[in-house]
Protein chains: 2
Amino acid sequence: MNTTSPVREQILAHAVTLIMLRGYHGFSYRDLSELVGVKTSSIHYYFPSKDDLVLEAVNVYSSAALGAVHSIDSSLSAKEKLAAYTVGFATVLGEGDRICLCGMLAADMGSLPPNIVQAVQAFFRGNESWLAKVLAQGTKDGTLVVNGTSEQVAQTVFAAYQGSVLSSRLFQTKTRLEEVPAAWVVST
Amino acid sequence: MNTTSPVREQILAHAVTLIMLRGYHGFSYRDLSELVGVKTSSIHYYFPSKDDLVLEAVNVYSSAALGAVHSIDSSLSAKEKLAAYTVGFATVLGEGDRICLCGMLAADMGSLPPNIVQAVQAFFRGNESWLAKVLAQGTKDGTLVVNGTSEQVAQTVFAAYQGSVLSSRLFQTKTRLEEVPAAWVVST
DNA sequence: GTCTATATAGTGATAGAC
DNA sequence: GTCTATCACTATATAGAC
């Protein structure tokens, strides 16, 4: 059985949130210590180095987020899928003070070891390949305006989501994120 | 005469670069001290607090970047303006290890005082209002595909640029950034 | 597993001599 | 203006008792 320590899970959950709020350098073992209620040395017991912790946080976040994306009903129209994807992306904003953990770590890339960078890249690619399929579907049935290959445009669309979650937090409004799909959906 | 100290200018120039590389928490007065060749206490003479320094860095960067944008020949077509804008944005990538200073600080927002946040917001708005005019021009002459108001789509386009410069660095390729305008330019 | 205690290094910032 | 010297604090990390 894969019984995981509840303390370890608490540490990870708070680490995920703190990275989304303030990034790699913006939180410390002390912050986690106060949130979880154990000493910093206990956190080192579960995660010997900060990079170990952050890598695990990326894996937890990435599995959950990509899992949610892939659980979007495949029978939906391309337009409906994008709407569902947008709702999912809006969830990461939380109370309006968070951004995507992998977008944040992409910004912190200059301070990260290669294995974490690779995990962040995998998250980007996972989103882009799902979006590419949706764009191809929408191109086929004429409900989306896609200039270029679906793979290329999927990269731009995902970048628009990442940038929009950033500016939604910056301006304290969800509308910027919600307006993203409209840029590719054929007006009715 | 507004004669500025050359040491002060060196500090600022290196601060701008370091923020683009590693963000607000990712550089220190010691880093600047070694780069400029003065002691950290001398840096405090010019910039009493780190926030003073970062605010000035935003102003320097913002003036230069928005100045470059507004110096794009207004007689160009919308498509040509977007191409010139893309070239300008590609410049911030440097050797492929930098992202937009204001995009970086937007990610670091959770650690920044309100006056810096406002300066970053102003940079976003300045870019978006210029893009909105270009999109309106392209809508008028039919060379761009713009679904929605030019102001709304301009926010998505700017977000796509911010996200694409992030992923261009993440994957070490400029193509992601270069593909951004194609998503809105009418294929010929 | 969790703790106390500690090591080692880095941080922004200030006082005061020159 | 630039320096030396130093402060108070925080950071990640480790050793070893319980």
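We name chains A, B, ... by the order of the sequence lines, and we start the count at 1 in each one. These numbers come from the heavy atoms of this one structure, side chains and all, not from hydrogens, waters or symmetry mates.
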| So, does A:Gln172 use its side chain to make a donor-acceptor pair with the main chain of A:Arg169 at under 3.5 Å? |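 Present.
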| Do the side chains of B:Phe89 and B:Val180 get nearer than 4.5 Å, heavy atoms only? |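 A side-chain contact is absent here, since even the closest heavy-atom pair is not under 4.5 Å.
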Grab the [atom1]-[atom2] distance between [X] and [N] for me, whole Å please.
| X | N | atom1 | atom2 | answer |
| --- | --- | --- | --- | --- |
| A:Asp52 | D:dT12 | CG | C1' | 12 Å |
| A:Phe27 | D:dT10 | CZ | P | 17 Å |
| B:Tyr29 | D:dA5 | OH | P | 22 Å |
| A:Leu18 | D:dA11 | CG | P | 12 Å |

| Is a side-chain donor-acceptor pair under 3.5 Å present for A:Asp141 with A:Thr143? | yes
| Is the number of heavy atoms from other residues, nucleotides or ligands within 6.0 Å of NZ (A:Lys39) greater than 12? | no
| note | Which of B:Phe123, B:Phe124, B:Tyr161, B:Tyr85 passes ring-ring contact (aromatic ring centres under 6.0 Å, His included) with B:Trp130? Answer is B:Tyr85
| message | So, taking the atom named CG in B:Leu76 and the one named CD in B:Gln137, what distance separates them when rounded to the nearest 0.5 Å? | response |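 B:Leu76 atom CG to B:Gln137 atom CD measures 8.5 Å (nearest 0.5 Å).
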| remark: In numerical order, the residues of residues 30-50 of chain A whose heavy atoms come under 4.0 Å of DNA chain C are A:Val38, A:Lys39, A:Ser41, A:Ser42, A:Tyr45, A:Tyr46
